[in-house]
Amino acid sequence: MMEKNRVNLKICGSSYSILTEDDPEYVEGLGEIIDKEMKAVSQEAPSLSLTQCAVLVALDQTDACKKATASADNLRAQIKDYLEDSARARMEVDVARREIERLNREISNLRNRLAEK
């Protein structure tokens with residue numbers, strides 16, 4: 001089991017103590033992103049409560065996460081297709097190489113027969 005780290009965050013004036021297995025600097029970076037985004041939402045719509053700002057930021061972050069996951073899934077599928085195409089091309093090259101070797105042997109045999117005549 002990994003060691004737990006206690007990280008103190010300040011988001012929109014509120015303090016949060018987080019217990020995490022992640023690197024403290026990573027978690028602090030997450031807190032800074034959330035703080036910045038909540039402040040931006042609050043400035044755009046000062047009538048919103050902190051909870052409403054947090055929900056809007058959470059929706060935005062969830063949207064970004066889902067889109068990134070879909071993009072990663074799409075890239076994985078493309079890579080899988082490329083690997084399959086590559087494997088198929090290697091097989092075709094092997095077949096072509098064997099055919100070239102066979103034809104070269106046939107040419108060699110025909111040249112030998114012509115030389116014997």
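Note that the structure is predicted; figures quoted are calculated from it, not measured.
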Requested in this report: Would you check, one step at a time, whether the test side chain to side chain contact (heavy atoms under 4.5 Å, CB included) holds for Asp85 with Arg88?
Outcome: CA-CA 5 Å; Asp85 289 348; Arg88 194 169 21 259; 2.6 Å; yes
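- Here the closest heavy-atom approach between residue Glu37 and residue Asp60 is recorded as OE1-OD2, 3.9 Å.
- Side-chain contact between Val7 and Thr20 is present, with at least one heavy-atom pair separated by less than 4.5 Å.
- Remark: Arg111 CZ is loosely packed, at most 12 non-hydrogen atoms of other residues, nucleotides or ligands lying under 6.0 Å away.
- Minimum heavy-atom separation, Ser17 to Asn8: OG-OD1, 3.3 Å.
- Within the model, atoms NZ of Lys4 and CG of Asp22 stand 9.5 Å from one another, a figure rounded to the nearest 0.5 Å.
- Shortest non-hydrogen contact noted between Cys12 and Leu50 is CB-CD2, 3.7 Å.
- For the atom pair Glu44 CD and Leu56 CG, the distance stands at 10.0 Å (nearest 0.5 Å).
- Heavy-atom contacts from other residues, nucleotides or ligands closer than 6.0 Å to CD of Glu84 number more than 12.
- Atom CG of Asp73 is separated from atom CD of Gln78 by 11.5 Å, given to the nearest 0.5 angstrom.
- Asp94 has no carboxylate O lying under 4.0 Å from a charged side-chain N of Arg90, or vice versa, which leaves the two without a salt bridge.
- Between Lys66 and Asp63 no salt bridge is recorded (no basic side-chain N to carboxylate O distance below 4.0 Å).
- Gln52 places a side-chain N or O within 3.5 Å of a backbone atom of Ser49 that can act as its donor or acceptor partner.
- Side-chain contact check for Val41 versus Val57: some heavy-atom pair is nearer than 4.5 Å.
- Taking each heavy atom of Ser15 and Lys10 in turn, the nearest pair found is OG-NZ, 3.8 Å.
- Arg102 and Glu99 are joined by a salt bridge, as a carboxylate oxygen and a charged side-chain nitrogen come within less than 4.0 angstrom of each other.
- Although no hydrogens or angles enter the test, the distance criterion places no donor-acceptor pair under 3.5 Å between the side chain of Ser86 and the main chain of Tyr82.
- Considering CE of Met38 and CG of Leu48, their distance stands at 10.0 Å, rounded to 0.5 Å.
- Between the side chain of Ser108 and the main chain of Asn104, no donor-acceptor pair closer than 3.5 Å is present.
- Using a 4.5 Å heavy-atom threshold, the side chains of Lys80 and Arg76 count as separate.
- Under the 4.5 Å side-chain heavy-atom criterion for Ile, Leu, Val, Met, Phe, Trp and Tyr, Ile33 and Val55 are members of distinct hydrophobic clusters.
- The line from CG of Leu30 to CD1 of Ile11 is 9.0 Å long, rounded to the nearest 0.5 Å.
- The closest side-chain heavy-atom distance from Ile34 to Gln61 is below 4.5 Å.
- Within the 4.5 Å cutoff, no side-chain heavy atoms of Asn5 are placed close to those of Glu21.
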